[in-house]
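So the structure is just underneath, and the comments pick up after that.
So you know, we letter chains A, B, ... as the sequences are listed, proteins then strands, and number each from 1. As the structure is a computational prediction, the values presented were derived from the model and not from experiment.
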Number of protein chains: 2
Amino acid sequence: MKIVIVGGDGFCGWPTSLHLSNLGHDVIIVDNFSRRKIDEELNVQSLTPICKLNIRINTWFEITGKSIRYVEMDVSKNYQELLNLLEEEKPDSIVHFGEQRAAPYSMKSSATKNYTVSNNICGTHNILNAIVDSQLDIHFIHLGTMGVYGYGHEEPIPIPEGYLDVKIDTLDGREIADTIVYPPNPGSIYHMTKTMDAQMFQYYAKNDKIRITDLHQGIVWGTQTELSSLDERLINRFDYDGDYGTVLNRFLMQAVVGYPLTVHGTGGQTRAFIHISDTCKCIEQALMHSPVSGDRPMILNQMAETQTLSDLAILIQSLTNCEISYLPNPRSEAERNDLNVRNDLLRSFGWEPTLIKDSLLKEITDITQRYCERADHSKIPCVSYWTRSNKIADVSHQIKSSEVAEPIS
Amino acid sequence: MKIVIVGGDGFCGWPTSLHLSNLGHDVIIVDNFSRRKIDEELNVQSLTPICKLNIRINTWFEITGKSIRYVEMDVSKNYQELLNLLEEEKPDSIVHFGEQRAAPYSMKSSATKNYTVSNNICGTHNILNAIVDSQLDIHFIHLGTMGVYGYGHEEPIPIPEGYLDVKIDTLDGREIADTIVYPPNPGSIYHMTKTMDAQMFQYYAKNDKIRITDLHQGIVWGTQTELSSLDERLINRFDYDGDYGTVLNRFLMQAVVGYPLTVHGTGGQTRAFIHISDTCKCIEQALMHSPVSGDRPMILNQMAETQTLSDLAILIQSLTNCEISYLPNPRSEAERNDLNVRNDLLRSFGWEPTLIKDSLLKEITDITQRYCERADHSKIPCVSYWTRSNKIADVSHQIKSSEVAEPIS
């Protein structure tokens, strides 16, 4: 297959590009290097020493003899260039990792809110529009997030694979059975854009019969895959800063540098997790199991397991003897929640997930301990305001620094 | 009240500006004149001879002594300018008409699709973001469309005021009652953007406690209000072209110039209608009945009556002796549908709608007959492709010109 990978230089995109290239697919990376530019803007860098994309690609060729091509392009701004690429290359699939993916960054300022909306919505729409425009039957695979479901239900509802069976009260004594898209409940501007993406997918699948797979991914942890470990020049990025670091990776980093693990609230919040190597394998499964044209979008819950934040903290404490610090929670979210996620369809494709308990120690020794001297400790806290009331409180100097939001996804 | 009216130079915005100014409010119009620029792009013009905004405003002052101010600004592109305006003027409310509002135009080309998405989503998001940023308690009123509900249900479900009571099957034998946003079913890129707006409203009401009213408006018909009729220099626009003309106004135009009324399909499609003067009155009601901060957005169905397209055509035939031409329907929509729209809440505010049967003849004599010599008959058909399969068929020269989409909303 010929596969365009938008955002193929990023945290999920790079190992997925290697994985698909290794399987023999013709991979074309499209990236505008925005993630590297945001590192500069935030004055942070990956804990791991990541190479430039051309070095990564040359190394991959050197080791395996396999070619990955790349095009520098901002798909949110260069529609015609994107269309030309599709018309020239005629890819079978597009895997889209090209959205701004950090909830805390999306809440950092009015500028990052606007950027997240315009980049994510216009970028994703441009791709869908260009697929229609090109008249090619391209399978579109989008990396979404479990976070669109929200975690706020008082009574636990099992989270289905995107669609929910309901009965509608018709107000005249009848009830009608219907299947709806699971009602979204986004907790940040970033998550909000993913729920808006979902509307576009429903529309384009219905109106233009585009084959679309939306992967609602859990929180990714880990750094390396078997392939990115082949040579240090292939190493994947590891973000530990308050904006882009995901919760488990940040916990590992905090443990290694002697910073108490910061758990907000009771730690009873349950979240879904997946290892980066499983991201790659799930994308492979999605590519092989396209929905039929004319179907509704296929929605898969791309996660391996659920864990509470406090259980994770305690697990890491047992491995590293770190301290745990319980702080007030500035997000308006349930103190504790269950999370019963269905992913029967994805599991039926035959994929064996990597579990946290089996691989966490390797992550600590191979990555956080090995590269910890590269860490800038001042970048560990997060300084995004989550709500208007928090911001107003802070302007009045009535808020403690610990009450700003901690990224958990 | 001080009220910013975004898009206050447009078809709904201008008469609403007059209406609110006449009630004694301090009205500031923000407009980028995009609607007038699209007229140039499409090489069409309003059937009625509309004056430039400064002439309109000067005339209004001359007649009434009331001032309307205006600022030329593209809210989708100039965030800082918008924020400065809010911080300087501290408006009580913002009424937002500044979205690209024609479904056929949104389907005209890949460029108009992208424009509709970026203009509508980024514009609306900029306003919401700026309200939070300004720390002002501004009531945000947005003009939406009944079209977000879709018309596709096999079994008629009464359309509630935005929210639907459902029972969720928990897959373990239990049922949970919940209230959800009515599942949207947009039929065009334009309608899709309105469903995405709705996601932003849910988020900003929940996260930042913004007071938001979303008006799901029916198809507007008519041209003039009492106030815009005071002087010909205040006249409102009348669009009859295939892109911006709404179905009833286009029927009236076709009848007057001797073009058979083009009904696509059986004409059994039922739609909701509202007269332009009632748009103004409903905005007034929305301003006076803000939701409480922290509530979910208030959603009102801003419509006066429902009619089938064939009944409308027959009514106009009885008044004008015109012909009716039934053509194949290129939209993928139900041949006929019922539309049971609830608007108890809006009606409870005390508003008496203008009905088609009582006012249609006046519209014909005052507008379409009076100005019909200004019409360019070649602009009456619509040439937007509605779906990918239509476009591909046309490229293969297998489609009849009548099979392109007719705008009905």
With rounding to the nearest 0.5 angstrom, report the OH to NE2 distance, B:Tyr203 to A:His191. 10.0 Å

May I ask you to test the B:His125-A:Ile189 pair for a side-chain heavy-atom distance under 4.5 Å? yes

Using non-hydrogen atoms only, which part of B:Val181 is less than 4.5 Å away from chain A: side chain, backbone, both, or neither? neither

Greatest number of heavy atom pairs closer than 4.5 Å to chain B - which of A:Met200, A:Glu175, A:Gln202, A:Arg342: A:Met200

Donor-acceptor pair, side chain of B:Lys113 and main chain of A:Asn126, under 3.5 angstrom: no

For the candidates B:Ile180, B:Thr193, B:Thr195, which exhibits the highest count of non-hydrogen atom pairs separated by less than 4.5 Å from chain A? B:Thr195

For B:Ile121 and A:Met196, the nearest pair of non-hydrogen atoms, with its separation, is CG2-CE, 3.6 Å

Let me confirm one number: the NZ-CG distance from B:Lys77 to A:Asn114, rounded to the nearest 0.5 Å. 14.0 Å

Nearest non-hydrogen partners of A:Pro186 and B:Lys206, listed with the distance: O-NZ, 2.6 Å

Considering only heavy atoms from C-beta outward, does the side chain of A:Asp169 approach that of B:Val166 to under 4.5 Å? no

Tell me yes or no: between the side chains of A:Ser110 and B:Asp133, is some donor less than 3.5 Å from an acceptor? yes

Please tell me if the side chains of A:Cys122 and B:Cys122 come closer than 4.5 Å, counting only heavy atoms from C-beta onward. yes

For residues A:Lys167 and B:Asp165, determine if any side-chain heavy atom of one lies less than 4.5 Å from a side-chain heavy atom of the other. no

Part of B:Pro184 lying under 4.5 Å from any heavy atom of chain A: side chain

Chain B contact via A:Gln80 - side chain, backbone, both or neither, heavy atoms under 4.5 Å: neither

